[in-house]
Amino acid sequence: MIAGYNFAYLDEQTKRMIRRAILKATAIPGYQVPFASREMPLPYGWGTGGIQVTASIIGRGDTLKVIDQGADDTTNAVSIRRFFARTAGVRTTERTREASIIQTRHRIPETPLREGQIIVFQVPIPEPLRWLEPRERETRRMHAHADYGAMYVKLYEDIARYGRIATGYDYPVVVNGRYLMRPSPIPKFDNPKLDRLPALALFGAGREKRIYAVPPHTPVKSLDFEDHPFRVESWRERCALCGSGSSFLDEIVVDDSGRRMFVCSDTDYCSGRRAKRSGAEAA
Amino acid sequence: MTAAAAMRTGGFADPAAESQAAFRTLLDVLARPGRIAELKSAAVAGLSPAASSVALTLCDFETPVWLGGACAAAADWLRFHCGAPLAVDCGTARFAFAPGIADLPDLDLFDLGSDEFPDRSTTLVLEVASLGRGAALTLSGPGIAGTASLAVAGPSAAFWQARAALGALFPRGLDLFLTSGTQIAALPRATRVEVSPCTSR
């Protein structure tokens with residue numbers, strides 16, 4: 001651990017303030033609690049909210065996994081993992097099953113999360129109504145009155161224009177039948193995983209200074225219409241590496257002639273399946 | 001030990017690690033209503049070990065604290081360890097500590113937050129005679145798969161009725177930690193509580 005800093009980088013008073021916000025967020029599922037976000041040693045947009053939440057909950061006994069778009073080995077994930085290894089001295093892992101805390105940018109792991117795990121989302125824009133109503137005072141009033149008609153109108157306009165709801169990520173949800181919430185820019189493919197998730201989900205937005213939460217086993221409904229029910233995306237392709245037909249796939253251009261391949265976005269899930277397969281072939 | 005010396009004891013010896021561990025316990029019981037956990041810090045005059053852990057973990061100069069009844073004995077300790085201002089009026093307190101329901105005002109006199117800012121509300125830490133024995137409560141709501149049960153001895157039926165009446169005000173409300181010695185459980189505002197007529201042992 002590096003000297004000269006408090007455990008997990010933040011000072012104790014900051015952690016207390018964030019912890020109070022996390023508790024209120026957990027008590028009011030889906031409601032965005034304002035908090036005094038601190039300046040962090042990395043720019044906004046790199047997970048300053050998620051890092052502050054993780055720093056406030058993490059202890060010496062925790063095992064941390066960090067993913068960026070499903071991958072453990074991208075710059076953002078590697079640097080956040082190293083940040084906590086150096087400032088908190090915690091164990092880190094790339095395995096979803098081994099982690100007690102998973103900080104994520106824009107994915108929920110394919111491996112089902114279990115009771116006792118905490119997943120921390122990095123959130124760029126926490127307010128689901130922001131692109132419909134720029135005034136904070138107004139969106140706050142809309143949440144107070146559960147006045148969410150504008151969002152339905154937006155989804156309806158999608159259908160009128162494109163014949164379907166065209167939102168692919170950050171798809172709006174209603175938490176426990178009350179608060180409209182942005183699930184952070186996860187693909188809508190991951191929305192069903194949030195519904196009655198056994199793990200606790202915490203969301204941190206550093207620039208926008210908001211923390212919100214979904215407690216375990218809480219109903220999370222993706223908005224839809226009776227005649228246009230919510231559907232997740234699917235692929236005709238399978239993962240070119242592990243052969244999975246049920247995971248979220250990334251399309252990758254592999255050469256100058258534009259050939260493409262589809263691979264799992266969740267690197268731990270994909271490598272786990274490949275290891276199992278090569279183990280079966282060896283046996 | 002003099003009163004002044006007693007006041008200086010009962011803090012966290014390793015604040016970063018102990019407050020983190022205590023916070024995770026608080027988060028765990030709040031996220032899973034019905035669960036009972038242990039918080040083992042020292043008992044101080046006026047507060048049980050579990051209640052003093054809550055104060056050490058969450059209270060500071062930003063959080064006015066209201067102390068009901070015999071909890072008032074912890075005033076000096078709280079000022080010394082947390083630096084928290086004391087609230088004379090419970091309606092201005094972020095945290096309220098009460099040794100039992102006899103020392104509670106009507107629940108709607110606490111700050112329940114506003115519809116716009118429901119988080120700006122009091123968290124009540126209530127000492128009860130027992131957790132795990134007493135009136136059987138059936139809980140449902142966020143954090144609970146189906147229903148959960150919790151037995152609590154101490155609060156009267158009238159108390160549970162008063163708490164249930166606050167449910168209509170959601171998202172405004174009162175978040176409740178129940179403490180008994182070293183044990184703690186939580187009933188956040190969204191948890192629905194049904195009191196069974198029979199009591200368990």
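Lettering of chains follows the sequences in order, A, B, ..., and the numbering in each one begins at 1.
- The neighbour count for R35(B) CZ, taken as heavy atoms of other residues, nucleotides or ligands under 6.0 Å away, is above 12.
- Comparing A17(B), P142(B), G146(B) by how many heavy-atom pairs each has under 4.5 Å with chain A, the most go to P142(B).
- The parts of L27(B) that come within reach of chain A are both its backbone and its side chain, each placing non-hydrogen atoms under 4.5 angstrom from that chain.
- No more than 12 heavy atoms of other residues, nucleotides or ligands shown are found within 6.0 angstrom of CZ on R86(A).
- No cation-pi contact links R178(A) to F170(B), judged by a cut-off of 6.0 Å to the six-membered ring centre and 45° from its axis.
- Counting heavy-atom pairs closer than 4.5 Å to chain A, the top residue among P171(B), P118(B), P188(B) is P118(B).
- When heavy atoms are compared at a cutoff of 4.5 Å, A21(B) does not approach chain A at all.
- Here D119(B) is the residue among I144(B), D119(B), D115(B) with the most heavy-atom pairs under 4.5 Å with chain A.
- Applying the 6.0 Å contact sphere to CH2 of W160(B) captures more than 12 heavy atoms from other residues, nucleotides or ligands.
- Heavy atoms of T123(B) lying under 4.5 Å from chain A belong to its backbone as well as its side chain.
- Residue R130(A) places its CZ atom among more than 12 non-hydrogen atoms of other residues, nucleotides or ligands, all under 6.0 Å distant.
- Counting heavy-atom pairs under 4.5 Å between each of T63(B), L30(B), T191(B) and chain A puts L30(B) at the top.
- Residue R114(A) places its CZ atom among more than 12 non-hydrogen atoms of other residues, nucleotides or ligands, all under 6.0 Å distant.
- Other residues, nucleotides and ligands place more than 12 heavy atoms under 6.0 Å from the CD atom of E138(A).
- Within residues 12-35 of chain A, the residues having any heavy atom closer than 4.5 Å to a heavy atom of chain B are E12(A), Q13(A), R16(A), M17(A), R19(A), R20(A), I22(A), L23(A), K24(A), T26(A), A27(A), I28(A), P29(A), Y31(A), V33(A), P34(A), listed by residue number.
- Here the OG-CZ distance, from S56(A) to R24(B), works out to 11.5 Å after rounding to the nearest 0.5 Å.
- Contacts of S114(B) with chain A are absent, with no heavy-atom separation under 4.5 Å from either backbone or side chain.
- Considering every non-hydrogen atom in both R32(B) and P198(A), the closest pair reads NH2-O, 3.8 Å.
- Every ring-ring contact (aromatic ring centres under 6.0 Å, His included) that Y148(A) has, sequence neighbours left out, goes to H143(A).
- The shortest heavy-atom contact between P215(A) and G143(B) is CB-N, 3.9 Å.
- The contact between F61(B) and chain A is made entirely by side chain atoms (from C-beta outward), counting heavy-atom distances below 4.5 Å.
- For I58(A), the part lying near chain B is the backbone, with the side chain staying farther off; criterion is any non-hydrogen pair under 4.5 Å.
- Heavy-atom contacts from other residues, nucleotides or ligands closer than 6.0 Å to CZ of F80(B) number more than 12.
- Interface check for chain B: of the options I57(A), T218(A), V214(A), N6(A), the most heavy-atom pairs under 4.5 Å are formed by I57(A).
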